[in-house]
Every structure is written in structure tokens, then in C-alpha cells.
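Notes for the one structure printed next.
Note on naming: letters A, B, ... go to the chains in the order of the sequence lines (proteins, then strands), and numbering restarts at 1 for each one.
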Amino acid sequence: MNAPSRRPRVRFAPSPTGFLHVGGARTALFNWLYARKVGGDFLLRIEDTDRQRSTDESTRAIFDGMAWLGLDWQEDVVFQGANLPRHQRDGQRLLETGAAYRDFTPQSEIERLRAEAEKAGGAFKFDRRTAELSEAETAEKLAAGEPFAIRFKVPDGTTEWNDLVHGRIAFPNKDIEDFVVLRSDNTPVYNMAVVSDDIAMDITLVMRGDDHISNTPKQILLYRALGANVPEFAHVPMIHGTDGKKLSKRHGATAVGDYQHQGLLPGAMLNFLVLLGWSTGDDTEVMTLPELIDRFDTAGLQKKAAVFDTVKLEWMNGQHMIAMPLDQLAPHVMPLFVAAGLATAEELNARQEWFYGLLDILRSRARRLDEIVGLAAHFFRDTVEFDADAVAKQWRDPAATAAILGATRDRLAELPSWDTAAMEAGLRALADELGIAGGKIFQPLRVALTGLTVSPGIFDVLLYVGRERSLTRLDAAIAYLR
RNA sequence: GGCGGUAUCGUCUAGGGGACUAGGACACAGCCCUCUCAAGGCUGGAACACGGGUUCGAAUCCCGUUACCGCUACCA
């Protein structure tokens, strides 16, 4: 048990061997929220001990992903590789205290035994007796410079802990083999390095994927042998693809960076992710980050793996786009407008009121940020392209349509002011005069203004296209029809 | 094979012995609103893996079966 006075400290410890995976991001989020909620520290440790697979590029991708999501950490990043000397000292200490022993068995011999056991259909478990040597034999081998690994001497009994998500989990120690802590080249094995680091970082709660459940008893044994406080553990479920298998490249985008580029809001990503394996206990789903911090509780953690559903992710994004204050939404979409070549940041800032208003009429019609840009494009262009299907559907009778558009144009040109109330009054009156339904004016007008059959409300379109350009577009449409 | 974990609508989940005719959300269908499309509102179909117990009573507790997942390395 931990001394209750210890400051809560959690960590996220990814290996830099790819990109920041959504599963990893969710684990990071849970840890981050926990630290925020209880007023503790959230630390980041890069587990770069696998030299072959670790890359600086991956490390950068992790930083980028964390930054995009807004998951910041306290203190300096810990690079596991830099702690090699301490890992070795801790492993050595195990040997000195008798908690571990030297194993001179050649690795090739172990591999042979293992292969044999597997062929016989059984499981190989290292037999401590095969490594037993007299003191004289040990001294002799040592003097001869024979290589050895250091193995942990698993004691009798049962190793158990009270997992924050699963409750009590127990492993009979007889099922745990004497595992290597220091290889014959003196490098630490994963469990050794992790425990050494978690002790040094004073971690009080280890919250990680449940694929680590079977590592936990080994780690607890290590903490005890090292005379350290055993932290609490919380093993959160995995994230699966729609086929129920572990989420992988086959399922499409698995890196958080992919979603950033797909036009997702970090707040929506966070909100969606947190709901995969956690719930508030009531029906609340759409939440801002402060609300998430306020409501987060490990008691709401789920045991079952969750399927990553991109459709719901996009719905969540739509909800966030609608609910967000415009001045918070704008910075997320502006770069996309600039990248699309529709306007420069300066131009957008100069017309901020117009731009925010445009975002406002478009955002409920989009699920992703880039969709807003697509819907907005024609508001920035001088000419419109008339979509063939739209023309076929709404301009069936060219002569009659031209007449209606002509009358519409005149009425709009006469409007005392360019506001939606005046437009509506004017055009509804025109419809009455012509003895037709409003839609008979609005629909052809929509095609004239946007080139499409789908758009925001027609008066908003007029307002945001602007008077001059609206009239120009009507002229172009009439010319097209003749 | 051994060990461990998990099991409620297609998906995310609520529920923790009686409030369950099992609630919400996404998706789907229909209706409403309406100038179109969204958004929004309403309605509908849709689930307790199976078998035994325990109990007056089980989605809920226990056992078993099945399925799925993870671990089973001198990988991380």
C-alpha cells in the first residue's frame, strides 16, 4: 500500500516505434485526466531501449500528437535509454540481495529446450535447478569470463493486486518462470527497465493497456525485491477495429496525426476517445475538456475492449463544431482556407465578422473542418459553375426560369437594405405577385447563386455572397439560360 | 497447450438482486420543422453468449461451457 501522503504521479510511456496510435493517445488521455483531476503530475517517458525499432522521427510524431491533443506533461521528458546505468545497478542489486541469480546457460541451449518443449505440445518454463552451480563452479566460470544472464528468483506464493478497473487479480507464482532481468550483455529487459524507472519517477499509479496484465505480477515482485512502494495499477481495455480484431493499419487511420489531417478537432478526438472505455455513469456524451477533467473518475473505466467507430467520431466532431464559440473554431479552420487558396489569413482577419458569420451558417452542415471549406468555396469565388444535375433539376424550363430569375434580380436590386428580413419580404411578395410558391423562386435562385441544389438558407446565401456579386451571378445565370 | 482477462442492441454504453415492459448515444427507417441540405424535435426496429446453481426474485451473485483478446522471449 502506498503512503497516502504521496503526491499522485502517473506517466505515459510509449515506445517511439511508429506514430502516436489512437490507443496510446487514449491511455495518455486517461492518465492526463487523472492527474488533472486529482492534482497530481503527468509525466512522459519515451521507451527507446529498442535501438533497432526506435526512431527520432517517431519520437517527434509522439510529441506532435500530444501537442495537437493538448496533452502536456510536467517535468522533462524521460528517455529510458538514458537510464541504462541505473537499470543495471538495480539488476545488480537484485543479485547482491539474493533476489536473483546468475544463469550461465547458453542462450542457444534455452532456445533448443524451448523448441523441444513446444514440439512436444507443452510449454517451456525455465527450470531453476539447471542453473544451480556450486560456489566453486560459479567462481570458475566467472574467472573464465563466461557470459551469464541474471534471472529473478520468483518466490513461492501468490502475487496479487487490486486493479482499479478489474478488482482483484491473482497469479500463482508457480506459473511465473524465473525471468531474465539483465541479459548476458548486461542490458535490462523490459520489465526491469520499467520498474526501475517507475520507482525513480515515483509513480503512484500505473495506468496502461490491459495487454500488460501478465507483466504486472513480475513487476510487483521486482518492486518488492527492490524494497520500493508498489504503485496502484489500472489496466484499461484495448481498442479494436470494426472486425473485433486489434486496431491496426488494415482498419484505416490509426495514428492521431491522420485524424488531425482529416479535419478533426482535437477536442472532439479527445471526447470520442475518452468514451471508448469510460463513461460518466449518466447519459452525458458531448463534453469540453474542462468538463472531462471535472467528471473523470477511474470508477467509470470499462473492462471490455471497444471498437473504434469513425462514424461516431465524425458525429462527435460535428457536435463540437456546432457547440464551440466561433472565435475558438476559427483558428482551426483558417489554415485550411489558406491552404485551399481561397483567401489569405490577412484577408480573413480583415473581414472577421463576415468570416465568422459564414462559418456559423456552414458549420451545422459539416462534420469535418475540411467540409466547411468545401461548402464555403463558392462564397470566395467570382464566378460559379452550374452543376449539370442542378441545372437539369431546377432549371427544366430555361425560358420560364430566366423570366423568374430576371424578376428576382430586379426585386433584389431594388431592396432598400441588404438584410435577410428585407430579402425575404421582397421575394415572398414577388412570389405572391407571380402566383407561385416561394420555392419556385428560391430553388432556381439557389442554383444561380451557388451552382448547386444544396446550400444554407437562401437569404443567408444572398447575404454572404453579397449584393453586388449576387446580382452578377444572376446576370450570368440568365445569360446562360438564353 | 498453460496462465490471465473479457462477455448487455450492428457499434459506444447505463445498470451492480426487486424501480427492467432493460435506459441513452451513434448508425438505420419513418414523421415533424422547412426554400434545398444539414442541424434540431418526435416515433420505430434492434441486446442481457449458453447451461447449471443460489434466492421468494438474477442482466446483476456463484460454477461450468463457449467465443474473443492478451501474455507465455536474454522483444517492448
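- Atom P of B:rG15 sits at a distance of 13 Å from the matching atom of B:rA7, rounded to the whole Å.
- With hydrogens and angles ignored, the 3.5 Å screen pairs no side-chain donor or acceptor of A:D90 with any backbone N or O of A:S196.
- In this structure, A:R446 places its CZ atom 11 Å from C1' of B:rA38, rounding to the nearest Å.
- In this model, the phosphate group of B:rU8 is approached by a side-chain N or O of A:K304 to a distance below 4.0 Å at OP1 or OP2.
- Using a 4.0 Å heavy-atom distance criterion, A:T187 is classed as making no nucleic acid contact.
- Using a 4.0 Å heavy-atom cutoff across all strands shown, A:P237 reaches no nucleic acid atom at all.
- A 3.5 Å limit on both hydrogen-bonding distances identifies no Watson-Crick or G-U partner for B:rG45.
- Looking at the side chain of A:T49, the nearest of the listed nucleotides B:rA76, B:rG5, B:rG2 is B:rA76.
- Put simply, CE on A:M287 is 13 Å from C1' on B:rG24, counting in whole angstrom units.
- Using a cutoff of 4.0 Å between basic side-chain nitrogens and carboxylate oxygens, A:E146 and A:K141 are scored as salt-bridged.
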**OP:** Starting at the 5' end of nucleotides 39-46 of chain B, put B wherever the base has a protein heavy atom under 4.0 Å, S where only the sugar-phosphate does, and a dash everywhere else.
**Re:** SS------

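- Nucleic acid contact class of A:A170 (heavy atoms, under 4.0 Å, all strands): sugar-phosphate only.
- When both pairing distances are held under 3.5 Å, B:rC74 makes no Watson-Crick or G-U pair with any nucleotide shown.
- Using N1 to N3 plus N6-O4 or O6-N4 for Watson-Crick, or N1-O2 and O6-N3 for G-U wobble, each under 3.5 Å, B:rA19 pairs with nothing.
- Dashed line: the shortest gap from a side-chain N or O of A:Q302 to OP1 or OP2 of B:rA14 is under 4.0 Å.
- Ionic pairing of A:K153 and A:D178 is not present here: no N-O contact between side-chain nitrogen and carboxylate oxygen is shorter than 4.0 angstrom.
- Among the heavy atoms of the strands lying under 4.0 Å from A:S279 are primed sugar atoms or P, OP1, OP2 only; no base atom is included.
- In this pair, A:W161 and A:F171 present their aromatic rings parallel. The plane angle is below 30°, not in the 30 to 60° band.
- Relative orientation of the A:Y190 and A:H212 rings is parallel, given thresholds of 30° and 60° on the angle between their planes.
- Residue A:G209 is classed as having no contact, given no heavy-atom separation below 4.0 Å to the nucleic acid.
- With rounding to whole Å, A:D163 atom CG is found 15 Å from B:rG4 atom P.
- Distance noted for atom C1' between B:rC48 and B:rA14: 13 Å (whole Å).
- The CZ atom of A:F442 sits 16 Å away from the C1' atom of B:rC37 (whole-angstrom rounding).
- The same atom, P, is picked in B:rA73 and in B:rC50; the two are 36 Å apart, to the nearest Å.
- For B:rC31 and B:rU36, the P atoms lie 14 Å apart once the distance is rounded to whole Å.
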**OP:** Walk me through it: do A:Y101 and A:F152 pass the test ring pair (Phe, Tyr, Trp, His ring centres under 6.0 Å)?
**Re:** CA-CA 7 Å; A:Y101 57 91; A:F152 186 77; 9.2 Å; no

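- With rounding to whole Å, A:D309 atom CG is found 15 Å from B:rC9 atom P.
- Nucleotide B:rG10 has B:rC26 as its partner under the Watson-Crick or G-U criteria, with both atom distances under 3.5 Å.
- Between A:D163 and A:R168, no side-chain nitrogen of the basic residue sits less than 4.0 Å from a carboxylate oxygen of the acidic one, so the salt-bridge criterion is not met.
- Contacts of A:G457 with the nucleic acid, taken as non-hydrogen atoms under 4.0 Å apart, include base atoms.
- Partners of A:V311 under the side chain to side chain contact (heavy atoms under 4.5 Å, CB included) rule, at least two apart in sequence or in another chain, are A:D309.
- Between A:R295 and A:D282 there is a salt bridge, since at least one side-chain N of the basic residue sits less than 4.0 Å from a carboxylate O of the acidic one.
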**OP:** If a protein heavy atom is under 4.0 Å from the base, mark B; if only from the sugar-phosphate, S; if neither, -; do that for nucleotides 66-74 of chain B going 5' to 3'.
**Re:** ---SSS-SB

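- Ion pairing between a basic and an acidic side chain is recognised when a charged N comes within 4.0 Å of a carboxylate O; A:E371 and A:R368 show such pairing.
- Nucleotides B:rU60 and B:rU21 place their P atoms 15 Å apart, quoted to the nearest Å.
- Note: CD (A:E285) to C1' (B:rG23) measures 12 Å, nearest angstrom.
- Across the C1' atoms, B:rC69 and B:rA49 are found 16 Å apart, a figure rounded to whole Å.
- In this structure, A:L358 atom CG and B:rA38 atom P are separated by 19 Å, rounded to whole Å.
- By the 6.0 Å and 45° rule, A:R102 stacks over the aromatic ring of A:F148.
- Residue A:K312 places no side-chain atom within donor-acceptor reach of the base of B:rA27, judged by atom type and a 3.5 Å distance cut-off alone.
- Nucleotides B:rC33 and B:rA27, compared at atom P, are 22 Å apart to the nearest Å.
- As a whole-Å value, the separation of A:L276 CG from B:rC26 P is 16 Å.
- The partner of B:rG4 is B:rC69, judged by Watson-Crick or G-U wobble contacts that both fall below 3.5 Å.
- Partner assigned to B:rU54 is none, using Watson-Crick or G-U wobble distances below 3.5 angstrom.
- Looking at heavy-atom distances under 4.0 Å, A:H235 makes no contact with the nucleic acid at all.
- A cation-pi contact links A:R151 to A:F126, judged by a cut-off of 6.0 Å to the six-membered ring centre and 45° from its axis.
- Pair assignment for B:rA39 gives none, since no Watson-Crick or G-U wobble pairing has each distance under 3.5 Å.
- Along RNA chain B, the nucleotide nearest A:V307 and the nucleotide nearest A:I458 are compared for position; the residue whose nucleotide lies closer to the 5' end is A:V307.
- For the pair A:R51 and B:rA76, the criterion of a side-chain N or O lying under 4.0 Å from OP1 or OP2 is not met.
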